[in-house]
Amino acid sequence: MRFIRITLFVLMGVLPLCTLLAWGTYRHTNAYQDSLRAKMEEELGRPVAVERFRFLRPNKMRLEGVKIFDGSGSETQSPQTPPLMEMPWILVLQSTDWEKDDPVRQMELVLPELTLDPRCLEPLWRFHQRTLERSDRQSPAELRVTVTGPVRVRGGETLELMDAKLWMRPAEDGTGHETDISFRFSEAGPDAPAAQWTLVRMNLRHGAQETGAPIIATIKTGENGLPTQLLASLFPPLLHLGDESRFYGKIVLQQMFTGWSGAFQGEFTQVDLSRYFKQIGQTAMMLGTGTLKLDAAEFYSGQLVRAEGRFSARNGRVYRDLLDRIIPLTGLTTRGIPLEMSPLVMFSQFVFDFSYEDGKIQIAGACEGVGPGVYLVGRNGPILCEPQAGKKPISAALLGELLR
């Protein structure tokens, strides 16, 4: 009997304690820490440097002095090479939600601040993809990332983001996953008042990896909108809306092998007419600002394929040369403009509805208070109007003679 009690004591007490002590000792060895670093490099596909690993509990770890580099491992030894990502420390917490039918592994990362290089998008996307693949092969996974301080994006001018959060989780319908990303930023700098901070929300919806389903990203702007220049990498023609233009609304994106595809729904404000309408020589043909409202606009690999909406501008100026070019291309008519007048025409309204598809664009004048079919209204009434007879659709090639 005494032998049985001693055996039970060894099996249930001494061996587990020795195992924990041995495991705790092994976790502090260089070999184990090197294996963790190697795993991080495998997940990110980039060299990783960690100054110190601190194991607080079996499911809680703190990584200090974390840097992620681009290229070969030799970069970690070069102080002249800025890292892609740099963090003072990362707190890693792991757990499992057993209350759901299929237990969900949970990981939470907490960072005090984060410094990013614009080149970091590829390794971040790779990590996101790896997490999805691992979650599909094993049990479902949930990942939360919270940055309690600023996220600084290096560039010509450092951009500072605040309240950055990421939450990746299994989709509620049980097919694939979805990821929510949110952050705030101010173009006026970190000391700007709260009213000048823009909230950006992004949702990524992705089906199960084995189905080959694409990842669909949805971006919703806050009440302050987004600078159009930030969206030009997705759809380059947006550069022609001007430096002050902003977008308010929703964007749905899908990354293809040949570039970005997706759709816009919302409006672009402060559109610079001198940039939007083609110059003749060194002279801007139209001056002022306008609003481009898109009920729907779809683009594929950076090229517009379908759009409908309204363009409107108030209290601007147009050169007579532009009107002389518009008339033969569109079949529109002018009235109320004496031939001897100044080459610069003042207008109070410039409004038209449009529909674009299959390389053809339909336009219809929509100025208010002057009857149907009026595009341009001056001081003395309508200037540019619909013809009496019906007009044919305008080709995109002809429109390119007027617009960039």
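The basis for the numbers below is simple: all heavy atoms, side chains too, and nothing from hydrogens, waters or symmetry mates.
- Atom CG of Leu143 is separated from atom CG of Leu166 by 6.0 Å, given to the nearest 0.5 angstrom.
- Glu41 places a side-chain N or O within 3.5 Å of a backbone atom of Val48 that can act as its donor or acceptor partner.
- Not a single donor-acceptor pair under 3.5 Å links the side chain of Glu64 to the backbone N or O of Arg54.
- Residues passing the side chain to side chain donor-acceptor pair (under 3.5 Å) test with Arg201: none are found, sequence neighbours excluded.
- In this structure, Asp295 has no salt bridge (charged side-chain N to carboxylate O under 4.0 Å, His left out) partners at least two apart in sequence or on a different chain.
- Every salt bridge (charged side-chain N to carboxylate O under 4.0 Å, His left out) that Arg169 has, sequence neighbours left out, goes to Glu178, Asp180.
- For Arg317, there are no salt bridge (charged side-chain N to carboxylate O under 4.0 Å, His left out) partners two or more places apart in sequence or in a different chain.
- Donor-acceptor pairing under 3.5 Å is recorded for the side chains of Arg314 and Gln349.
- The side-chain contact (heavy atoms from CB on, under 4.5 Å) test with Thr228 singles out one residue from Leu292, Leu238, Leu239, and that residue is Leu238.
- Residues meeting the side chain to side chain donor-acceptor pair (under 3.5 Å) test with Glu51, sequence neighbours left out: none.
- Applying the side chain to side chain donor-acceptor pair (under 3.5 Å) criterion to Asp353, with sequence neighbours excluded, gives Arg310.
- For Arg52, the side chain to side chain donor-acceptor pair (under 3.5 Å) test picks out no residue, with sequence neighbours left out.
- In this structure a side-chain-to-backbone donor-acceptor pair under 3.5 Å is missing from Asp358 to Lys360.
- Here Glu357 pairs with Arg306 under the side-chain contact (heavy atoms from CB on, under 4.5 Å) rule; sequence neighbours left out.
- By the side-chain contact (heavy atoms from CB on, under 4.5 Å) test, Pro237 pairs with Phe235, sequence neighbours left out.
- When the salt bridge (charged side-chain N to carboxylate O under 4.0 Å, His left out) test is applied to Glu108, no partner is found at least two apart in sequence or on another chain.
- Evaluation of the side-chain contact (heavy atoms from CB on, under 4.5 Å) rule for Ala263 yields Glu298 as partners, not counting sequence neighbours.
- In the model, Ser355 has no side-chain atom that pairs as donor or acceptor with a side-chain atom of Gln362 under 3.5 Å.
- Taking the ring pair (Phe, Tyr, Trp, His ring centres under 6.0 Å) definition, one finds that Phe352 meets it with Phe311, Phe350, sequence neighbours left out.
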Assess the residue pair Glu244 and Arg246 against the criterion (salt bridge (Lys or Arg N to Asp or Glu O under 4.0 Å)); give the C-alpha distance rounded to whole Å, side-chain angles, the decisive distance to 0.1 Å, and a yes or no.
CA-CA 7 Å; Glu244 302 300 321; Arg246 303 185 74 84; over 6 Å; no
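- Looking at Glu386 and Tyr375, their side chains do bring a donor and an acceptor atom within 3.5 Å of each other.
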